[in-house]
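Remarks on the structure that follows.
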Amino acid sequence: MPAPQKSRQDRKKPQHRINEQIRCREVRIVGDDIESEVMSTRQALQLAQQKGVDLVEISPNAVPPVCRLINYSKFLYQQKKRQKELKAKQVKIEVKEIRFGPQTDEHDYNFKLKHAKEFLSEGDKVKAYVFFRGRSILFKEQGEVLLLRFANDLEEYGKVEQMPVLEGKRMILFIAPKKTAPAAKPTDETPESETNEETRVKKAPQVKAKKEYLGPRVEGEDF
């Protein structure tokens with residue numbers, strides 16, 4: 001049975017009761033630079049008006065209910081910001097599948113190896129499997145060797161989470177990404193040409209030192 005949909009009126013209903021919407025007799029107030037204490041709701045409303053803020057019910061099930069003196073718009077903004085931060089910290093890992101045949105040629109193997117490196121570098125898991133069609137199940141040992149080679153070639157990018165296992169017509173291998181990515185190549189800020197130039201310059205004084213070590217030049221002697 002499908003869940004009942006919320007009406008438009010329910011969707012517009014505020015998340016918290018504020019100010020005059022708070023009907024209880026007394027509340028416990030909290031807030032910045034405010035000592036927590038229990039007072040009548042009328043007194044709490046007057047205090048909120050004096051400070052130019054709202055009385056927001058944050059714990060309605062407490063006895064008495066807890067209300068915070070705060071700007072409600074700012075309160076909602078802080079809540080949304082906190083939710084976004086928590087969502088950003090949640091790492092979503094996808095599982096990328098790579099399929100082989102028991103007699104995959106070298107070109108196809110290298111092509112799929114390249115994609116697996118990209119997936120692992122982006123933080124995704126790799127599910128590599130060899131599919132045995134018909135009588136090709138006779139080559140299951142060959143398929144296992146292929147998957148082990150695949151895992152070995154990806155050692156720098158991921159770690160084996162599950163060794164090759166035969167499930168029906170598939171032999172499956174799982175590889176999880178490593179936390180530390182492999183050493184990066186020179187970036188645009190430090191191009192390879194500059195790196196090579198710096199290496200050449202650093203080596204230059206050594207060459208010069210060897211030339212100077214030959215001693216003073218004797219007139220008429222050809223070096």
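Note that this is a predicted model, so its numbers are computed, not measured.
Clustering ILVMFWY residues whenever any of their side-chain heavy atoms sit less than 4.5 angstrom apart, transitively, puts Ile175 in the very cluster that holds Ile98. Tyr72 and Val66 fall within a single hydrophobic cluster, where Ile, Leu, Val, Met, Phe, Trp and Tyr side chains are chained together by heavy-atom contacts under 4.5 Å. Cluster membership for Phe132 and Leu148, using ILVMFWY side-chain heavy atoms within less than 4.5 angstrom, is shared. Connection of Val165 to Tyr129 is not established within any shared hydrophobic cluster, with ILVMFWY side chains joined at heavy-atom distances below 4.5 Å, either directly or through further cluster members. Leu76 and Val56 end up in the same hydrophobic cluster when Ile, Leu, Val, Met, Phe, Trp and Tyr side chains are linked at under 4.5 Å.
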Step by step, would you call Ile22 with Leu45 a side-chain contact (heavy atoms from CB on, under 4.5 Å)?
CA-CA 9 Å; Ile22 302 171; Leu45 284 170; 5.7 Å; no
Under the criterion ring-ring contact (aromatic ring centres under 6.0 Å, His included), I'd like the reasoning laid out for His107 against Phe111: C-alpha separation, chi angles, the key distance, then a yes or no.
CA-CA 6 Å; His107 179 269; Phe111 178 76; 7.0 Å; no
Assess the residue pair Gln103 and Gln142 against the criterion (side-chain contact (heavy atoms from CB on, under 4.5 Å)); give the C-alpha distance rounded to whole Å, side-chain angles, the decisive distance to 0.1 Å, and a yes or no.
CA-CA 8 Å; Gln103 295 177 324; Gln142 189 172 336; 3.6 Å; yes
Given Phe100 and Phe150, is the ring-ring contact (aromatic ring centres under 6.0 Å, His included) satisfied, shown in steps?
CA-CA 11 Å; Phe100 292 100; Phe150 193 63; 5.0 Å; yes
Given side-chain contact (heavy atoms from CB on, under 4.5 Å), test Asp124 with Val95 step by step and report yes or no.
CA-CA 6 Å; Asp124 297 322; Val95 179; over 6 Å; no
Test side-chain contact (heavy atoms from CB on, under 4.5 Å) on Leu86 and Gln83 and set out the steps.
CA-CA 5 Å; Leu86 290 174; Gln83 288 172 358; 5.6 Å; no
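Evaluation of the side-chain hydrogen bond (donor to acceptor under 3.5 Å, both in side chains) rule for Glu141 yields no partner, not counting sequence neighbours. Under the side chain to side chain contact (heavy atoms under 4.5 Å, CB included) criterion, Arg25 pairs with no residue, sequence neighbours left out.
Residues Pro64 and Val38 meet the side-chain proximity criterion, which asks for heavy atoms closer than 4.5 Å. Ile70 places a side-chain heavy atom less than 4.5 Å from the side chain of Gln78. Put simply, the side chain of Lys127 does not reach to within 4.5 Å of the side chain of Glu161, judged on heavy atoms. With a 4.5 Å cut-off on side-chain heavy atoms, His16 and Phe75 count as touching. You'll find the side chain of Asn110 reaches within 4.5 Å of the side chain of Glu106, heavy atoms only.
By the 6.0 Å and 45° rule, Arg149 stacks over the aromatic ring of Tyr109. A cation-pi arrangement is absent between Arg170 and Phe131 under the rule of less than 6.0 angstrom and at most 45 degrees off the ring axis.
Other residues, nucleotides and ligands place no more than 12 heavy atoms under 6.0 Å from the NZ atom of Lys125. For NZ of Lys140, the number of neighbouring non-hydrogen atoms (other residues, nucleotides, ligands) closer than 6.0 Å is 12 at most. For Gln162, the CD atom sits in a packed shell: over 12 heavy atoms of surrounding residues, nucleotides or ligands are nearer than 6.0 Å.
Neither side chain, Glu118 nor Ser121, offers a donor N or O lying under 3.5 Å from an acceptor on the other.
Look at Asp32 and Arg68 and you find a salt bridge, because one of the NZ, NE, NH1 or NH2 atoms lies within 4.0 Å of a carboxylate O, short of that distance. Between Lys96 and Glu94 a salt bridge is recorded (basic side-chain N to carboxylate O distance below 4.0 Å).
The two residues Gly143 and Met171 have their closest heavy-atom pair at C-SD, 4.1 Å. A pairwise comparison of heavy atoms in Ala151 and Leu173 identifies CB-CD2, 3.9 Å as the closest pair. The two residues Ala116 and Val126 have their closest heavy-atom pair at O-CG2, 4.1 Å. Smallest separation of non-hydrogen atoms from Cys24 and Val27: SG-CG1, 3.4 Å. Contact between Leu146 and Gly101 at its shortest, heavy atoms only, is CD1-O, 4.0 Å. In plain terms, the two heavy atoms of Lys51 and Leu69 that are nearest each other are CD-CD1, 4.3 Å.
Within the structure, every pair that satisfies the side chain to side chain donor-acceptor pair (under 3.5 Å) test and touches residues 53-62, not counting sequence neighbours, is listed here: Arg17-Glu57, Asn19-Asp54.
Annotation: the span from Lys178 atom NZ to Leu154 atom CG amounts to 10.5 Å, rounded to 0.5 Å. The distance from the CD atom of Gln46 to the CD atom of Gln49 is 7.0 Å, given to the nearest 0.5 Å.
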